[in-house]
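Reading through the structure tokens given below for one structure.
Residue numbers start from 1 in every chain, and the chains themselves are labelled A, B, ... in the order their sequence lines are given, proteins ahead of strands. Here the structure is a predicted model, which is why all the values come from computation and not from measurement.
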Protein chains: 2
Amino acid sequence: MTDLTRTFAALADTTRLSLVEYLMRNGEQPASALAGLTDISAPAVSRHLKVLREAGLLHQRVAGTHRYYSVRPEAMRLVSDWTIDHRAFWAGSLDRLDTLLALDPEGEDE
Amino acid sequence: MTDLTRTFAALADTTRLSLVEYLMRNGEQPASALAGLTDISAPAVSRHLKVLREAGLLHQRVAGTHRYYSVRPEAMRLVSDWTIDHRAFWAGSLDRLDTLLALDPEGEDE
DNA sequence: TCATTGATTAGCGCAAGTGTTAATTAGCAG
DNA sequence: CTGCTAATTAACACTTGCGCTAATCAATGA
């Protein structure tokens, strides 16, 4: 299994994807805050966090008894680069204007 | 499971990722050509193709006894859009110049 | 019709993933 | 030291995923 497939595997679970998206929106969060996001038990969340960490998606900061998690930008970058590597295929078949506008530095308004 | 997690799950296998990348590089291919790419049996490849098709990543064209597969650009677009939706997080923490250059229409030289 | 070829589906076994509750580890406060 | 809290790990059950071989389905050609 490559880094890329491991990354995709880590994101191929609704709970884990939610955790990653939440951390991207809200920045570093303690495990307790993340456990409260879902209906599943705390140990289950802890294991999902471990999967994400071992796949390189999350960084863990230890402070006392608390563990603070944050998304590693490199992981997102890995996915982004993969799509970019193949954009000659998919972007050529679609309207690429949206993509260009979305990545234009002048267009940062959301 | 959402469309996005299903897409990630489909890409979270080295065999399937290889199939998708091969099809993006070489365009539409018959199942026979794809079966020859790996060491696993033809039925196993057929099943991977089914997973990819049901996840919306591949299109299947039937012609006689032959099945021709190709990547659906929309699927790649889904992944690309996801990274773009969160670029405020990951691109801000890294050197964004690479990404912008990579997507600049003038920079298509690879 | 019948055999051949391309491709898929069926059935089986085994490994991996995900949930639970219970137990454990580690830090902090008294 | 003892208890409390945050978080993880252990143990178990169940489900899903992936490989194989055998069987089936569909189109083609003698």
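The distance from the OG1 atom of A:T38 to the CZ atom of A:R16 is 12.5 Å, given to the nearest 0.5 Å. The structure places OG1 of B:T83 at 11.5 Å from CG of A:L78, a figure rounded to the nearest 0.5 Å.
Looking at heavy-atom distances under 4.0 Å, B:Y69 makes contact with sugar-phosphate atoms alone, never a base.
In this view, B:H86 and B:W82 satisfy the ring-ring contact (aromatic ring centres under 6.0 Å, His included) rule, not counting sequence neighbours. Residues satisfying the side-chain contact (heavy atoms from CB on, under 4.5 Å) test with A:L49, not counting sequence neighbours, are A:L19, A:A31, A:L34, A:V45, A:L58, A:Y69.
Between B:T5 and A:L11, the shortest heavy-atom contact is CG2-O, 3.8 Å. For the pair A:A9 and A:M1, the tightest heavy-atom approach, listed with the atom from each and the gap, is CB-CE, 4.0 Å. Residues A:Q60 and A:R53 share a closest heavy-atom pair of CB-CD, 3.5 Å.
In the region residues 4-30 of chain B, proximity to DNA chain C at under 4.0 angstrom, judged on heavy atoms, holds for none of the residues. The stretch residues 44-60 of chain A touches DNA chain D through A:S46, A:R47, A:K50, A:Q60, each having a heavy atom under 4.0 angstrom from the strand.
Of the candidates C:dT8, C:dA26, C:dG19, the closest approach to any side-chain atom of A:T65 belongs to C:dA26.
Counting only N and O atoms by type, the side chains of B:T15 and B:S18 include no donor and acceptor under 3.5 Å apart.
In the hydrophobic clustering of ILVMFWY residues, with side-chain heavy atoms under 4.5 Å counting as a link, A:V20 and A:Y68 come out apart. Residue A:V51 is not grouped with residue A:I40 when hydrophobic side chains (ILVMFWY) are merged at heavy-atom distances under 4.5 angstrom, including chains of intermediate members.
Within the structure, a side-chain polar atom (N or O) of A:S41 is placed less than 4.0 Å from OP1 or OP2 of C:dT20.
The residue among A:R67 and B:A33 whose nearest nucleotide of DNA chain C is located toward the 5' end is B:A33.
The ring-ring contact (aromatic ring centres under 6.0 Å, His included) contacts involving residues 10-57 of chain A comprise nothing, where partners must be two or more places apart or lie in separate chains.
The distance between atom NE2 of A:H66 and atom C1' of C:dA26, rounded to the nearest whole Å, is 12 Å.
Taking a heavy-atom distance under 4.0 Å as the criterion, the stretch of DNA chain D touched by chain A extends 5' to 3' from D:dA6 to D:dA11.
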